[in-house]
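Both counts, for ligands and for their atoms, begin at 1 and track the order of listing. Source: prediction; values computed, not measured.
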Amino acid sequence: MAVTWTPASDSDFTDIRYERTATPAGGIAKITIDRPEVRNAFRPQTLVEVSHALELAREDAEVGVIILTGEGPHAFCSGGDQNVRGDTGYIPEGETVGRFHVTDLQIQMRRLPKPVVAMVAGYAIGGGHVLHLCCDLTIAADNARFGQTGPRVGSWDGGFGASLLRDLVGTKKAKEFWLLCRQYDAAQALDMGLVNTVVPLERLEEETIGWCAEMLALSPFALRLVKSSFHAHEDGYAGIQQLAHDANLLFYASDEAKEGREAYKAKRRPDFTQFPRRA
Ligand code: S0N
């Protein structure tokens, strides 16, 4: 399916593009890291902008699925921009103290109650590889290459960069990623369960849109619960909290919950006897 993308924000993004398209089944948002001169490496500003765009997509009732990608055929993302890496983390322009802005962003991607799809052409390397791990699905072009470089550049991501990778490819292989810093091509990535499919580069967007359209045709709340169900286990108490609050959202619509609310407002005792004690 060929689509037309429309810029969808008033924000003055410098490092990303935020666009939207409408399909008969619903809207798709696309966030493109737009720093091809550094293989779409992210600096703090890049991640601040991605985070803002994710929030826009979350709040947009028309949007059902979000695509995260990189500009051009050469890279999805090559991780943290080593030019702004200081002794205190990655340092925003004009500041002296840095941090890992990607820490909160990874959580935001997993928390987001809509599917996030990585559309990967070229390199997904370092922190860029971890970003694809944090996406719910990954559609890879046949020129995609995956890997971690941390120990080569004096770092590592032992958070989702280790745990999600291990869940996907197994402990030995995940350790191989990190201990040897090798790169793996798209076919190898598919073989080890790291990506959902591999498609010709020239059909990458079309195929990705197709996957998104399939999800858009499904129940949005069921998709939300599928995502939070997986994370309930993977993210510990924080994952359980999200699934639990999703259950609250559904329960709010029940007559049983409404009885509690209405009784409180009417300053009367709630009458829950009308509701079954389900087996
Ligand atoms: C991506 C690679 C393999 C592409 O190789 P290719 O195609 O040969 O292109 P190059 O000629 O190498 O690159 C083109 C230009 O782009 C610049 N560039 C590429 N990547 C970066 C980058 N990450 N930072 C800055 N510049 C980059 C090149 O320098 C080149 O510029 P010019 O034209 O001027 O020479 C290859 O480029 C490559 O291997 N890149 C480096 C990959 C890397 O090591 N990334 C950093 C890994 N670390 C992180 O991502 C940090 C993650 C993080 O934030 C974190 C978070 C939580 C906890 C821990 C961490 C942590 O620190 O790990």
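Taking a 6.0 Å sphere around CH2 of Trp5, one finds it holds more than 12 heavy atoms contributed by other residues, nucleotides or ligands.
Between the side chains of Gln82 and Arg85, at least one donor-acceptor pair of N or O atoms lies under 3.5 Å.
For Leu56, the side-chain contact (heavy atoms from CB on, under 4.5 Å) test picks out Ser9, Phe13, Tyr18, His52, with sequence neighbours left out.
Figure legend: cation-pi geometry between Arg110 and Phe160, with NZ or CZ positioned under 6.0 Å from the six-membered ring centre and within 45° of its axis.
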Trace of the salt bridge (Lys or Arg N to Asp or Glu O under 4.0 Å) decision for Arg268 with Glu262: CA-CA 9 Å; Arg268 62 171 170 80; Glu262 294 307 314; over 6 Å; no
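Residues with a heavy atom under 4.0 Å from ligand 1: Glu37, Val38, Arg39, Ala41, Ser78, Gly79, Gly80, Asp81, Gln82, Asn83, Tyr90, Phe100, Val102, Tyr123, Ile125, Gly126, Gly127, Thr149, Val153, Ser155, Trp156, Asp157, Gln183.
Taking the six-membered ring for Trp and thresholds of 30 and 60 degrees, Phe177 and Tyr184 have nearly parallel ring planes, at less than 30 degrees apart.
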